[in-house]
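These figures come from a predicted structure and were not determined experimentally.
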Number of protein chains: 2
Amino acid sequence: MLKVTDVGKTYGKFTALENINLEVADGEFLAIMGPSGSGKSTLINILGLLDQSYTGEYLLENKSYKDVNDNQLSQIRGDELGFVFQNFKLLTTYNVYENIEVPLIYSKKEQNKKRQLVADVIDKVGLKGKEKNIPSELSGGQQQRVAIARAIVNRPKLIIADEPTGALDSKTSKEIMDIFTKLNQAGTTIIMVTHDSEVAEYAMRTVYIRDGRLYNDEKSVKN
Amino acid sequence: MLKVTDVGKTYGKFTALENINLEVADGEFLAIMGPSGSGKSTLINILGLLDQSYTGEYLLENKSYKDVNDNQLSQIRGDELGFVFQNFKLLTTYNVYENIEVPLIYSKKEQNKKRQLVADVIDKVGLKGKEKNIPSELSGGQQQRVAIARAIVNRPKLIIADEPTGALDSKTSKEIMDIFTKLNQAGTTIIMVTHDSEVAEYAMRTVYIRDGRLYNDEKSVKN
Ligand SMILES: Nc1ncnc2c1ncn2[C@@H]1O[C@H](COP(=O)(O)OP(=O)(O)OP(=O)(O)O)[C@@H](O)[C@H]1O
Ligand SMILES: Nc1ncnc2c1ncn2[C@@H]1O[C@H](COP(=O)(O)OP(=O)(O)OP(=O)(O)O)[C@@H](O)[C@H]1O
Ligand SMILES: [Mg+2]
Ligand SMILES: [Mg+2]
């Protein structure tokens with residue numbers, strides 16, 4: 001599915017990532033943990049094709065997207081890839097239904113099928129009855145669930161999620177992780193950043209980031 | 001410190017809170033837990049004088065602020081009350097230092113003293129070196145720590161925090177809760193919403209909200 005070779009990222013003089021090597025196989029479920037500010041979001045923004053200014057090489061399905069134009073990027077993001085942002089990034093003037101249907105805009109499915117997919121996923125994440133609410137009329141956890149629904153509605157091959165349960169209580173978190181597990185069992189590759197070790201246990205494998213470097217086991221990041 | 005009597009809140013036809021009764025004594029440390037969408041943020045927005053359109057009565061230090069003008073509200077919010085928002089609400093074009101000094105604007109302390117207070121709190125929350133970064137140049141957890149620093153910089157009598165550790169790893173969470181514990185031991189009243197039962201253990205008492213109603217013990221909300 002993807003291969004990262006010697007990737008680095010700086011913001012001006014500040015080094016956020018260095019010497020990152022990572023391979024994720026098709027159908028894998030990977031968790032990424034690490035302290036606040038260690039570089040997790042920076043790394044998955046690169047994996048999600050949201051940040052193209054890095055050093056080293058990144059191949060997604062054996063292809064590099066470094067020099068691809070925005071149109072092609074939106075196409076692949078709509079079809080192949082679902083992203084759950086740490087701060088949700090919902091469209092503030094659109095309601096729950098409209099926010100979730102965004103990835104389907106590029107898809108060639110007919111209207112009835114699209115409507116069904118959106119209604120199904122709204123029910124799955126427990127937001128039935130909130131279809132007409134705009135983000136400011138939702139709680140923090142409800143907004144997060146809209147962001148999750150939007151990422152999975154088009155059944156992408158790869159889901160990348162940045163702390164998908166950060167704003168959720170433990171019962172709702174379990175419900176979301178059950179959805180991810182079912183999607184993974186059906187073949188979806190999932191890469192998930194989390195601070196919650198109980199959530200990380202849903203993944204097959206966990207890697208750790210500390211001060212911009214990647215480690216395979218937690219011992220080397222314990223200070 | 002505060003007394004809530006038969007408070008309710010609706011958004012159009014939707015009832016978010018009903019029949020809420022709560023008393024919090026001076027120097028208490030109270031946790032509020034409950035499922036996503038149950039009414040936690042709605043309640044603490046009322047307690048923090050951010051939402052004045054509710055039914056019932058709310059007295060803060062034996063005074064009602066329902067008919068107070070905006071200027072007086074900003075004054076009391078600056079001096080007496082520190083609020084940590086669930087979505088941080090940082091000023092996007094200001095840097096870390098400037099965001100944290102906002103509550104001091106109303107304060108009559110002299111400039112040197114203000115500078116010292118801001119520098120101390122930046123160090124306390126582990127953001128030394130990030131003073132000049134604007135929110136978009138910070139990680140999720142770093143932004144949350146700026147929001148926490150802003151709420152405590154002016155040593156308010158009452159701190160109200162909405163999931164203050166939601167974007168933090170467990171080590172950084174403990175560091176923040178240690179800060180809250182020290183402030184509480186020095187006499188600060190703290191009311192904190194959390195989804196994390198380990199974080200709730202730092203409080204003296206926990207109340208639970210479910211579907212807009214308040215309960216004193218968890219058993220009655222277990223479904
Ligand atoms: N402006 C609004 N208009 C309509 N409904 C609203 C509005 N704000 C909140 N709600 C609804 O009120 C209910 C309570 O919201 P609240 O933000 O208090 O929940 P919460 O307990 O803080 O949840 P979370 O843990 O997800 O943050 C939710 O069902 C939400 O959809
Ligand atoms: N645009 C930027 N300019 C400068 N520094 C940045 C920028 N974006 C991020 N950083 C810095 O890069 C580092 C890594 O940030 P990143 O968002 O990847 O952390 P994270 O591991 O996701 O943390 P958290 O768990 O708090 O979300 C941080 O020290 C942050 O301050
Ligand atoms: Mg992050
Ligand atoms: Mg809330």
Which bit of A:Lys130 comes within less than 4.5 Å of chain B, counting heavy atoms only: side chain, backbone, both or neither?
side chain
Can you tell me which portion of A:Gln142 sits under 4.5 Å from chain B's heavy atoms? Options are side chain, backbone, both or neither.
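A:Gln142 touches chain B through backbone and side-chain heavy atoms alike.
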Name the option with the most non-hydrogen atom pairs under 4.5 Å to chain A; the candidates are B:Gly37, B:Ser38, B:Ala16, B:Gly39.
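Of the candidates given, the most pairs with chain A belong to B:Gly37.
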Between B:Gln143, B:Gln144, B:Arg145, who has the most heavy-atom pairs with chain A when the cutoff is under 4.5 Å?
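Top count of heavy-atom pairs under 4.5 Å with chain A: B:Arg145.
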Given 3.5 Å as the limit, does a donor-acceptor pair link the side chain of A:Asp169 with the main chain of B:Ser36, or not?
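Yes: the side chain of A:Asp169 pairs with the backbone of B:Ser36.
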A:His195 side-chain N/O to B:Ala167 backbone N/O, donor-acceptor pair under 3.5 Å
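Yes, A:His195 side chain to B:Ala167 backbone: donor-acceptor pair under 3.5 Å.
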Checking [X] against chain A: side chain, backbone, both or neither under 4.5 Å from a heavy atom?
{"X": "B:Ser139", "answer": "side chain"}
{"X": "B:Ser41", "answer": "neither"}
{"X": "B:Phe88", "answer": "neither"}

So for atom [atom1], which belongs to [X], do other residues, nucleotides or ligands contribute more than 12 heavy atoms lying within a distance under 6.0 Å?
{"X": "B:Tyr94", "atom1": "OH", "value": "no"}
{"X": "B:Lys182", "atom1": "NZ", "value": "no"}
{"X": "B:Glu80", "atom1": "CD", "value": "yes"}
{"X": "A:Gln52", "atom1": "CD", "value": "yes"}

Spatial distance of atom CG (A:Asn87) from atom CG (B:Asn87) [nearest 0.5 Å]
10.0 Å
